[in-house]
**Q** 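Attaching a single structure in structure tokens format; questions to follow.
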Amino acid sequence: MAAIVVVGAQWGDEGKGKATDILGCQVDYVVKPNGGNNAGHTVVVGGEKYELKLLPAGVLSENAVPVLGNGVVINLEALFDEIDGLEARGANASRLRISANAHVVAPYHQVLDRVQERFLGKRAIGTTGRGIGPTYADKVSRVGIRVQDIFDESILRQKVTSALDVKNQILVKMYNRKAIDPEQIVDYFLSYADRLRPMVIEAELELNRALDEGKHVLMEGGQATMLDVDHGTYPFVTSSNPSAGGACVGSGIGPTRITSSLGIIKAYTTRVGAGPFPTELFDKWGEFLQTTGGEVGVNTGRKRRCGWYDSVVARYASRVNGFTDLFVTKLDVLTGIGEIPICVAYDVDGRRFDEMPTSQSDFHHAEPIYETMPAWDEDITGCRTFGELPQRAQDYLNRLEELSGCRISYVGVGPGRDQTIVINDVMES
Ligand code: GDP
Ligand code: IMO
Ligand code: MG
């Protein structure tokens with residue numbers, strides 16, 4: 001039995017999709033425990049590129065059952081569009097299962113996300129505009145709509161009507177928008193009921209039974225530690241818990257069952273949307289990482305902000321997620337750049353911080369303290385073992401391991417499924 005959690009260690013887009021895709025071939029279930037169609041995972045299989053937004057990357061593996069866990073927020077229109085798109089390309093999404101307890105994104109959540117961002121002006125979070133925050137806010141306020149509600153029309157009507165009683169006041173009086181007719185929303189949800197019904201399961205029960213039978217389950221977190229609503233750079237975060245603990249809550253798998261916590265981390269750093277980012281680069285190197293790394297958001301098409309590797313962030317993420325292993329991705333992007341700076345600590349107005357500052361203001365003022373390592377010039381995209389990497393690439397990885405508080409078990413040297421060096425296989429840990 002293995003229960004593996006895959007978690008983003010930075011601000012997202014570390015290559016979680018690729019990591020899941022590799023491990024997905026070896027597991028029975030791939031569960032998405034949090035987030036919604038704000039994610040964007042690019043997976044390259046046999047030269048074919050797939051861009052997943054709501055579905056876990058496990059949907060592309062031959063045998064694994066992909067599951068949307070109770071902690072996910074589901075936009076049904078986006079769900080069926082994504083399934084249809086994949087099936088049109090020959091992929092098989094028929095094994096997909098959905099927790100009856102997952103919440104659904106209503107059209108009014110999307111409207112609220114956009115008007116709230118506009119209202120914030122310069123203080124906007126830079127959300128993906130997919131209604132994720134308002135849907136989680138309703139869940140926590142106990143006025144959300146769950147997947148199971150769609151199969152009971154009178155309950156659905158009651159819940160939608162009472163949610164809109166309040167939201168229409170806000171939309172009309174605060175944001176000067178038109179009121180939304182509850183019947184339109186009820187019809188919208190009911191129109192998906194027949195297609196949705198056969199996919200819905202008691203996910204917590206099925207996943208735990210699978211583990212009891214010695215099967216393997218992988219939890220593929222969306223977003224990342226620094227976007228976690230508790231552990232991230234609040235308020236510039238998403239509205240769920242993408243960290244390892246959140247994966248337990250969002251799938252109904254208890255913490256005692258987790259066998260590996262695998263942190264996915266780029267050999268440098270990127271961020272999409274607003275918020276502090278100490279190692280961000282505004283010079284030619286930022287542009288180099290953006291273009292050479294192909295750093296454009298899958299979901300919104302925004303250019304990703306780029307910077308050097310931040311080992312303060314890596315140590316923090318290792319700590320709050322209890323990482324057992326790291327998967328360093330995109331090492332190939334650093335080939336031939338001469339020198340590679342690594343942030344080892346922060347300077348905040350003359351004070352040195354070796355660990356993440358607790359105060360938001362300190363983090364906003366954090367200046368990186370760098371050490372540098374020489375880069376390698378050889379093409380590493382064909383390397384398949386650690387020993388095949390040039391000595392300087394090995395030295396860089398060894399230093400990252402030392403600074404990050406966790407062993408490196410996988411290294412990505414290109415976007416393809418096979419462009420991966422396996423040092424320790426988490427399935428055998
Ligand atoms: P996710 O959201 O964490 O799944 O990451 P994204 O898919 O949004 O972004 C990661 C990008 O890096 C994708 O375009 C991947 O195809 C690509 N990628 C992943 N691993 C590697 C790697 O080792 N090398 C290179 N060059 N690209 C990679
Ligand atoms: P994956 O899974 C990168 C960011 C948004 C914004 C903030 C809040 O591909 O790593 P939201 O729409 O969630 O309320 O936006 O979070 N964000 C991501 N950034 N990768 C993601 O997902 C993200 N999902 C949300 O840009 O700053
Ligand atoms: Mg992404």
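Quick caveat, the model's predicted, so the values are computed rather than measured. Every number for a ligand or one of its atoms is a count from 1 in the order of the listing. For the single chain, residues carry numbers from 1 onward in sequence order.
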**Q** Under 4.0 Å, counting heavy atoms only: does Gly126 come that close to any atom of ligand 2?
**A** yes

**Q** Have a look at ligand 2 and work out which part of Leu227, if any, has a heavy atom under 4.0 Å from it: side chain, backbone, both or neither.
**A**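 Leu227 to ligand 2: side-chain contact only, backbone stays beyond 4.0 Å.
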
**Q** To check your reading of the model: name the closest protein heavy atom to atom 7 (O) of ligand 1, its residue, and the distance in Å.
**A**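 Of the protein heavy atoms, Thr42 N, 2.7 Å lies nearest.
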
**Q** Ile423 and Ile421: side-chain contact (heavy atoms from CB on, under 4.5 Å), yes or no, with the steps?
**A** CA-CA 6 Å; Ile423 303 166; Ile421 294 171; 4.1 Å; yes

**Q** Who's closest to atom 6 (P) of ligand 1 heavy-atom-wise, of Gly40, Gly17, Ala39, Gly12?
**A**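 Checking each option, the heavy atom nearest atom 6 (P) of ligand 1 is found in Gly40.
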
**Q** How far is atom 10 (C) of ligand 1 from the closest protein heavy atom, and which atom is that?
**A** Asp13 O, 3.6 Å

**Q** Would you say the side-chain atoms of Asp310 and Tyr346 include a donor-acceptor pair closer than 3.5 Å?
**A** yes

**Q** What about Arg302: any of its N or O atoms under 3.5 Å from an N or O on ligand 2?
**A** yes

**Q** Give a yes-or-no answer on whether the side chains of Asp228 and Ser243 include a donor-acceptor pair shorter than 3.5 Å.
**A**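 There is such a pair (donor and acceptor under 3.5 Å, judged by atom type) between the side chains of Asp228 and Ser243.
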
**Q** If you measure every N or O of Ala39 against every N or O of ligand 2, does any of those distances drop under 3.5 Å?
**A** no

**Q** At under 4.0 Å between heavy atoms, which part of Val298 makes contact with ligand 2: side chain, backbone, both or neither?
**A** neither

**Q** Tell me whether the count of non-hydrogen atoms from other residues, nucleotides or ligands lying under 6.0 Å of CZ in Phe119 goes above 12.
**A** no

**Q** If the contact criterion is a heavy-atom separation under 4.0 Å, does Lys16 count as touching ligand 2?
**A** yes

**Q** At the 4.0 Å heavy-atom cut-off, does Ser239 count as touching ligand 2?
**A**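 Contact check Ser239 vs ligand 2: negative.
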
**Q** Quick one: does Gly294 get within less than 4.0 Å of ligand 1, heavy atoms only?
**A**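 No heavy atom of Gly294 comes that close to ligand 1.
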
**Q** Closer than 4.0 angstrom: is that true for some heavy atom of Arg304 and an atom of ligand 1?
**A**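 So Arg304 counts as touching ligand 1.
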
**Q** For Gly8, state whether at least one heavy atom is located under 4.0 Å from any atom of ligand 2.
**A** no

**Q** Under a 3.5 Å threshold, yes or no: a donor from one side chain and an acceptor from the other, between Thr127 and Asp113?
**A** yes

**Q** Please write down residue, atom name and distance for the protein heavy atom closest to atom 20 (N) of ligand 1.
**A**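 It is Lys18 CD, 3.4 Å.
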
**Q** For atom 4 (O) of ligand 1, grab the closest protein heavy atom and report residue, atom and distance to one decimal in Å.
**A**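 Going atom by atom, the protein heavy atom closest to atom 4 (O) of ligand 1 ends up being His41 ND1, 2.5 Å.
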
**Q** Closest non-hydrogen protein atom to atom 11 (C) of ligand 1, residue and atom name please, with distance?
**A**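 It is Lys330 NZ, 3.6 Å.
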
**Q** Salt bridge (Lys or Arg N to Asp or Glu O under 4.0 Å) with Glu295: which of Lys303, Arg304, Arg271, Arg302?
**A** Arg304

**Q** Checking side-chain polar atoms at under 3.5 Å, does His103 have a donor or acceptor matched by the opposite partner on Asp138?
**A** no

**Q** Looking at atom 22 (C) of ligand 1, what's its closest protein heavy atom, distance included?
**A** Gly414 O, 3.1 Å

**Q** Considering all heavy atoms of both residues, which atom of Asp149 and which atom of Leu156 are nearest to each other, and what is their separation?
**A** O-CB, 3.4 Å

**Q** How about Asp13: does one of its N, O or S atoms come closer than 2.8 Å to the Mg ion (ligand 3)?
**A**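 Given the 2.8 Å cut-off, Asp13 counts as a ligand of the Mg ion (ligand 3).
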
**Q** Please find out if the Mg ion (ligand 3) and some N, O or S atom of Gly40 are separated by less than 2.8 Å.
**A** yes

**Q** Could you tell me if any non-hydrogen atom of Val237 lies under 4.0 Å from any atom of ligand 2?
**A**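 Yes; Val237 lies near enough to ligand 2 that a heavy-atom distance drops under 4.0 Å.
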
**Q** Looking only at protein heavy atoms, which one is nearest to atom 2 (O) of ligand 2, and what is the separation?
**A** Gln223 N, 2.9 Å

**Q** Just to be sure I'm reading this right: ignoring hydrogens, which of Asp332, Val328, Thr20 gets closest to atom 24 (N) of ligand 1? Compare them by their nearest heavy atoms.
**A**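 Closest candidate by heavy-atom distance is Asp332.
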
**Q** Is Asp84 salt-bridged to Arg195, cutoff N-O under 4.0 Å?
**A**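 Salt bridge between Asp84 and Arg195, a charged N being under 4.0 Å from a carboxylate O: yes.
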
**Q** Quick check on Arg130 - does any of its heavy atoms sit under 4.0 Å from an atom of ligand 2?
**A**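 No, that is not the case, since the closest heavy atom of the residue is not under 4.0 Å from the ligand.
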
**Q** Has ligand 2 got any nitrogen or oxygen that is less than 3.5 angstrom from a nitrogen or oxygen of Gly129?
**A**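 Looking only at distances, the answer is no, because the N/O contact criterion of under 3.5 Å is not met.
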
**Q** With the threshold set at under 4.0 angstrom, would you say Phe236 reaches ligand 2 through any of its heavy atoms?
**A** no

**Q** Can you establish whether the number of heavy atoms outside Glu287 located under 6.0 Å from its atom CD is more than 12?
**A** no

**Q** Starting from atom 12 (O) of ligand 2, which protein heavy atom do you reach first, and at what distance in Å?
**A**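 Here the nearest protein heavy atom works out to Thr128 OG1, 2.6 Å.
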
**Q** Determine whether Tyr50 and Leu60 satisfy the following criterion, side-chain contact (heavy atoms from CB on, under 4.5 Å), listing intermediate values before the conclusion.
**A** CA-CA 9 Å; Tyr50 296 89; Leu60 298 174; 3.8 Å; yes

